[in-house]
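See structure below.
Excluded from the calculations below are hydrogen atoms, water molecules and symmetry mates; all remaining heavy atoms, backbone and side chain alike, are included. Residue numbers run from 1 in the order of the sequence given.
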Amino acid sequence: MTRVNNLLYGQLFLKVTLSQLRSLLLHARLKMQDGAVRRARKVEGGIFFPKPENAVTIAVSSRVLFRTETEQKVFEERGVEEYLKYQVEHENEPFAPGPAFPFVKALETVNSQLRELYPDSEELFDIVLVTYNHAHVGVRLINTINYHNLFIERFCMTGGSSPIGYLKAYHTNLYLSADAEKVREALAEGIAAATMFTPEKLIEVSDTQLRVAFDGDAVLFSDESERIFKTHGLDKFFEHEKEHENKLLDHGPLKGFLEALGKLQKKFYEKGHRLDCPIRTYLVTARSAASSGIRALKTLRAWGLETDEALFLAGAPKGPMLEKIRPHIYFDDQMFHVEGAAEMGTIAAHVPYGIAQKHPHKKDSSKSK
């Protein structure tokens, strides 16, 4: 949605209030479609909501959790009022799953297993639906969540205003959106964020294990080495990495999210579930192992972090390897790699951070760092 559209939203709509949300929830439950069965949510006699400061908070926009292309077209072609009218008229028609849907379902699977091992723990994934929409659209969103049996109780409906302040209040560990501008704004505020895209084809992903894959430079690490490569070329890059082999790389925008995943993984390890842990992480980097990979591994080890698997591709395309991994989400700072992953059916997310945003990868180059 363009800046103009966001401003228009902000002029016309007020932020949703607690009383509105309660009304929406009640209305949605009364109008649930026949046959939709909600998951049991009782924990020792009460509804369980982890405190944001104890949870791993994942904020997901409605445009990536669900498919809303038709509604977006109505908004762009017919304006706000017709858009709202359309949403109300179709509020009992659930949205289809979007690119973030399998990821969110995997988060819920991990939560279920954590609750079995740690009944009283609040160290869980907490999913927040973030949307620029007006409260009227909340009825359809809640109906859709109920229809797909998702456990999402926290809503942030901003009526066109920026959600960044709310993301900080929620202690957000990761923000996924279709709006690249808001993703950049979140990153500037120190919030891990990425822009999600829907590939034309989708590969099947695990329904029992959450798989998350990360690029290295400008994602887990800073863009220090990326700058050397972009400015001085591959030979200088290798020389720089060799000279600084024992100097840690600075952190990148998603280091904190990997740290949060690792914290939950250790809870499974403590119960003897290292080999069958329902969270698996991957480092998928164009670095080569012998000449530049050791610095990346030493940095992760010094941070007290690890990935379950590390793939050093030495400039080879990432798409085929990601097709084998079948991650629920893959993060990369270069659109070239995001597009290559999407062509193979992988849900990929762009992290618009670092020098690669000013010097995009050339498609005819075969020696990317």
Side-chain angles (χ1 to χ4, degrees), residues 50-60 100 103-104 106-111 113-114 117-118 121-128 167-176 183 186-194 209-226 247-271 273-274 277-285 287 293-311 325 327-333 349-354:
K51 296 177 182 177
E53 58 266 29
N54 298 328
V56 177
T57 301
I58 311 296
V60 185
F103 176 64
V104 168
L107 298 178
E108 294 189 349
T109 296
V110 173
N111 275 353
Q113 296 185 52
L114 279 169
L117 296 175
Y118 300 92
S121 176
E122 290 189 340
E123 292 181 292
L124 303 165
F125 290 112
D126 190 17
I127 303 159
V128 179
L167 296 179
K168 296 178 76 173
Y170 274 116
H171 305 281
T172 300
N173 296 94
L174 178 67
Y175 172 49
L176 299 174
V183 166
L187 289 171
E189 291 295 326
I191 300 169
Q209 184 181 63
L210 169 66
R211 298 177 185 175
V212 183
F214 300 87
D215 179 31
D217 295 283
V219 176
L220 291 180
F221 313 121
S222 72
D223 68 338
E224 168 203 325
S225 298
E226 186 90 37
K247 180 182 178 182
L248 300 184
L249 289 158
D250 199 359
H251 69 85
L254 264 65
K255 181 235 182 180
F257 180 53
L258 175 61
E259 191 172 32
L261 292 177
K263 185 177 180 180
L264 294 184
Q265 281 182 307
K266 288 176 182 177
K267 293 177 71 68
F268 287 101
Y269 299 166
E270 290 167 1
K271 296 290 187 177
H273 291 283
R274 175 177 282 272
C277 181
I279 304 173
R280 194 164 184 84
T281 56
Y282 304 79
L283 172 65
V284 183
T285 173
R287 284 175 175 258
I294 192 169
R295 190 180 183 199
L297 293 178
K298 285 184 175 181
T299 297
L300 288 174
R301 186 172 63 188
W303 288 345
L305 300 178
E306 60 182 283
T307 56
D308 295 291
E309 299 187 29
L311 287 77
I325 294 171
H328 291 85
I329 190 168
Y330 168 63
F331 298 99
D332 203 296
D333 66 304
H350 181 231
V351 182
Y353 172 85

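- Between the CD1 atom of I58 and the CZ atom of F103 there is a distance of 5.0 Å, given to the nearest 0.5 Å.
- Inter-residue side-chain proximity for L176 and I329 is flagged as met; some heavy-atom pair is nearer than 4.5 Å.
- Between the side chain of D333 and the main chain of V219, no donor-acceptor pair closer than 3.5 Å is present.
- By the 6.0 Å contact criterion, NE2 on H171 is enclosed, its count of non-hydrogen atoms from other residues, nucleotides or ligands being greater than 12.
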Start with the C-alpha distance between I127 and E108, add both sets of side-chain angles, then the distance that settles side-chain contact (heavy atoms from CB on, under 4.5 Å), and finish with yes or no. CA-CA 9 Å; I127 303 159; E108 294 189 349; 4.1 Å; yes

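- Remark: H328 NE2 to T109 OG1 distance equals 7.5 Å, nearest 0.5 Å.
- Taking CG of L254 as the start and CG of D332 as the end, the distance is 11.0 Å to the nearest 0.5 Å.
- Residues A218 and V351 share a closest heavy-atom pair of O-CG1, 4.2 Å.
- The side-chain heavy atoms of P352 and L187, taken from C-beta on, include a pair separated by under 4.5 Å.
- The distance from the CD1 atom of I294 to the CZ atom of R301 is 8.0 Å, given to the nearest 0.5 Å.
- Minimum interatomic distance between P50 and D126 (heavy atoms only, all atoms of both residues): O-OD2, 4.0 Å.
- Residues L210 and L107 meet the side-chain proximity criterion, which asks for heavy atoms closer than 4.5 Å.
- Side-chain contact check for F125 versus V56: some heavy-atom pair is nearer than 4.5 Å.
- One finds a salt bridge joining E224 and R295 here, because a Lys/Arg side-chain nitrogen approaches an Asp/Glu carboxylate oxygen to under 4.0 Å.
- Contact of the L117 side chain with the H273 side chain is registered, since non-hydrogen atoms from C-beta on lie closer than 4.5 Å.
- In this structure, V128 and T57 approach most closely via the heavy-atom pair CG2-CG2, 3.8 Å.
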Would V212 and F257 count as a side-chain contact (heavy atoms from CB on, under 4.5 Å) here? Give the steps. CA-CA 10 Å; V212 183; F257 180 53; 4.1 Å; yes

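- A pairwise comparison of heavy atoms in A194 and V183 identifies O-CG2, 3.5 Å as the closest pair.
- With rounding to the nearest 0.5 angstrom, the OG1 atom of T281 is 7.0 Å from the CD atom of E306.
- Of the possible polar contacts, none joining the T172 side chain to the L174 backbone as a donor-acceptor pair under 3.5 Å is found.
- Smallest separation of non-hydrogen atoms from D223 and Y353: N-CE2, 4.3 Å.
- At least one side-chain heavy atom of D308 sits under 4.5 Å from a side-chain heavy atom of Q265.
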Between I325 and R280, is a side-chain contact (heavy atoms from CB on, under 4.5 Å) present by the stated rule, with each step listed? CA-CA 10 Å; I325 294 171; R280 194 164 184 84; over 6 Å; no

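- A side-chain contact (heavy atoms from CB on, under 4.5 Å) with F221 holds for exactly one of T285, L248, D215, L300; it is L300.
- The aromatic rings of F214 and F331 sit parallel, their planes meeting at an angle under 30°, below the 60° perpendicular limit.
- Taking each heavy atom of Q209 and R211 in turn, the nearest pair found is OE1-NE, 3.0 Å.
- Rounding to the nearest 0.5 Å places NZ of K267 at 5.0 Å from OH of Y118.
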